[in-house]
Protein chains: 2
Amino acid sequence: MVTSIEPVTAASARFQCETCELRSHSICSALQDEELREMNQVVRQVSLDAGQIVFFETDPADFSFNITSGVVRLSKMLADGRRQVTGFLYPSDFLGLAVGKDYTQTAEAITPVRMCRFDRKDLTRMYEKFPKLEHRLLEVACNEIVSAQDQMLLLGRKTARERLSSFLLNLLSRSNLGERLIGEIDLPMDRADIADYLGLTVETVSRTFTKLRKDGLIEMPSKNRIVIRDADDLADAAENPD
Amino acid sequence: MVTSIEPVTAASARFQCETCELRSHSICSALQDEELREMNQVVRQVSLDAGQIVFFETDPADFSFNITSGVVRLSKMLADGRRQVTGFLYPSDFLGLAVGKDYTQTAEAITPVRMCRFDRKDLTRMYEKFPKLEHRLLEVACNEIVSAQDQMLLLGRKTARERLSSFLLNLLSRSNLGERLIGEIDLPMDRADIADYLGLTVETVSRTFTKLRKDGLIEMPSKNRIVIRDADDLADAAENPD
DNA sequence: CGCACACTTGACAACACTCAACAACCGTGG
DNA sequence: CCACGGTTGTTGAGTGTTGTCAAGTGTGCG
């Protein structure tokens, strides 16, 4: 399942994982260098190939992760195979907030992924030592709640066109966090992932992409690449039916 | 907006709010008596009538609350009036986890409600003093995330029948936390609230209630009262289409 | 008693789903 | 280099579940 687990190298020793240098979202942004050294001793770098499972929705929840590169898909399944994708995790995102004994969803790499793995027992000790860490984690959890609520609004009340427009805008704001403000986004997930994330079928997703393209809201240089021609127009499409 | 705000009375002085005596869900269950006395100094009892707004989705997020009696509805709205109810809060539930400057959803009392109100600035000071409190809040947040994910699965992939069955089972497990295991539940919310919670219309909710009744899964002694005849059968209906 | 409101039921329409065929893409191997 | 098969994505035709609009039935309250 896990292709490689290596101890942290000297090169990455200053920070316990690359995540912390990327963005403020990482949980470790809360800590000082000295404290990070201590975190360093309980973290392991993990690499996965595309398609590999990080954990399954009934596995014992022993680990938490910080994504450092690649994209992870979170999903839940019903007995008959219907699936709901609950989120996509990008570099600097934290994975494994659950408090229960077992994971409640499945996490799978949809691109090659690298991440920092923490034993939850270690993390618990760290909380006690560095309350700042738990404070940071609460922030992460609250952000997750807010976007979960947005997603409920999307799934419960929005049309296919609004759903896809909202989705593209979310990806845009994410991909712009680090870098340029160009309206071009990469879709690492396939149509089935998008459909299961938006509560639609692949056919409807495909048709809706076509419509957005014909309406001049987006361009599609390739299947996995979207150019947003006017973010305001798309924002409009994300909240108005038809 | 708020009908009455009273300082804590001598009778309620031992615990800073009644919630803590009700159930383990309350955030204050994490604290010792001595620490509770300190919380006591920053809490205010608030009473609301049915229909009153606790806060609106763009209000500055200055307060957090512990519900002590009654039911609160959380919702988000689109510009054109479409609404998504994101949850119903019962006694012992915590309200106001958001980290941002403003609330991201509207909270409204759907029955007479009493609750303990905390100034978030006070709460922040309490966190620093009692890390246990923040730990407890993280637990609360994680539970909220888990049920939000369940709700996404419901909204994205379940049929009307499955949605209503799931909803009734959730209410059942909630109402049984405190007391008897009788399969009878009270619906403090109206059909529109249920519809907006389940991503349906009132008509579909009504029709689906009728179907569940005709199929012998539930009885309806009155509009707001549901008797679950066999929880296992209903659990079946909650995960199998048609 | 009658009005108002919430809920239910019916007829019809529509948006998204299902099933099916087709096209594009990609890696493989001749 | 191109032919081939498999996979993924797109498009089409028809169906269905749920939404819309409208009428009807309680139920509570003044």
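The structure displayed is predicted, hence computed values, not measured ones. Below, chains carry the letters A, B, ... as their sequence lines are ordered, and counting in each starts from 1.
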Which atoms of nucleotides 17-19 of chain D (N or O only) lie under 3.5 Å from a protein N or O atom, and what are those distances?
from   : atom 1 : to     : atom 2 : distance (Å)
D:dT18 : OP1    : B:A160 : N      : 2.9
D:dG19 : OP2    : B:T201 : N      : 3.4
D:dG19 : OP2    : B:T201 : OG1    : 3.2
D:dG19 : OP2    : B:T204 : OG1    : 2.5

Those residues that, when tested against [X], pass side-chain hydrogen bond (donor to acceptor under 3.5 Å, both in side chains) (two or more places apart):
X      : result
A:R207 : none
B:N224 : none
B:D190 : none
A:E162 : A:T159, B:R82

Please evaluate the base of D:dC21 for a donor-acceptor partner in the side chain of B:E203 within a cut-off of under 3.5 Å?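 Side chain to base: pair present.
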Residues from residues 73-84 of chain B lying under 4.0 Å of DNA chain C - heavy atoms: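 When residues 73-84 of chain B is checked for heavy atoms under 4.0 Å from DNA chain C, there are no hits whatsoever.
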Using whole Å, what does the distance between atom [atom2] of nucleotide [N] and atom [atom1] of [X] come to?
X      : N      : atom1 : atom2 : result
B:L155 : C:dA16 : CG    : C1'   : 16 Å
B:R191 : D:dG26 : CZ    : C1'   : 13 Å
A:R163 : C:dA16 : CZ    : C1'   : 9 Å
A:K214 : D:dT10 : NZ    : C1'   : 10 Å
A:R225 : C:dC25 : CZ    : C1'   : 17 Å
A:N224 : D:dT7  : CG    : P     : 18 Å
A:L164 : C:dC15 : CG    : P     : 17 Å
B:D196 : C:dC7  : CG    : P     : 12 Å

Please tabulate, for side-chain N and O atoms in residues 146-153 of chain B, each donor-acceptor pair with protein atoms closer than 3.5 Å (sequence neighbours left out).
from   : atom 1 : to     : atom 2 : distance (Å)
B:S147 : OG     : B:N143 : O      : 3.2
B:S147 : OG     : B:E144 : O      : 3.2
B:Q149 : NE2    : A:Q105 : OE1    : 3.4
B:D150 : OD1    : A:K76  : NZ     : 3.0
B:Q151 : NE2    : B:Y197 : O      : 3.1

Could you name each residue pair satisfying salt bridge (Lys or Arg N to Asp or Glu O under 4.0 Å) that touches residues 229-242 of chain B, not counting sequence neighbours?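 Qualifying pairs: B:E219-B:R229.
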Can you list every salt bridge (Lys or Arg N to Asp or Glu O under 4.0 Å) pair that touches residues 97-107 of chain B, not counting sequence neighbours?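 Of all non-adjacent pairs touching residues 97-107 of chain B, none passes salt bridge (Lys or Arg N to Asp or Glu O under 4.0 Å).
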Going by side-chain contact (heavy atoms from CB on, under 4.5 Å), name the residues that satisfy it together with A:S75, two or more places apart in sequence or in a different chain.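 For A:S75 the side-chain contact (heavy atoms from CB on, under 4.5 Å) partners, ignoring immediate neighbours, are A:R73, A:R83, A:V85, A:T106.
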Partners meeting side-chain contact (heavy atoms from CB on, under 4.5 Å) with B:V202 (sequence neighbours left out):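 Result, side-chain contact (heavy atoms from CB on, under 4.5 Å) vs B:V202: B:R191, B:A192, B:A195.
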Every protein N/O within reach of nucleotides 21-24 of chain C N/O, cut-off under 3.5 Å:
none

Identify the residue among A:N240, A:D215, A:T208 that makes a side-chain hydrogen bond (donor to acceptor under 3.5 Å, both in side chains) with A:R161.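 Checked A:N240, A:D215, A:T208 against A:R161; only one passes side-chain hydrogen bond (donor to acceptor under 3.5 Å, both in side chains): A:D215.
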Does B:R157 reach the main-chain N or O of A:Q84 with its side chain, forming a donor-acceptor pair under 3.5 Å?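 Here the side-chain-to-backbone pair does not exist.
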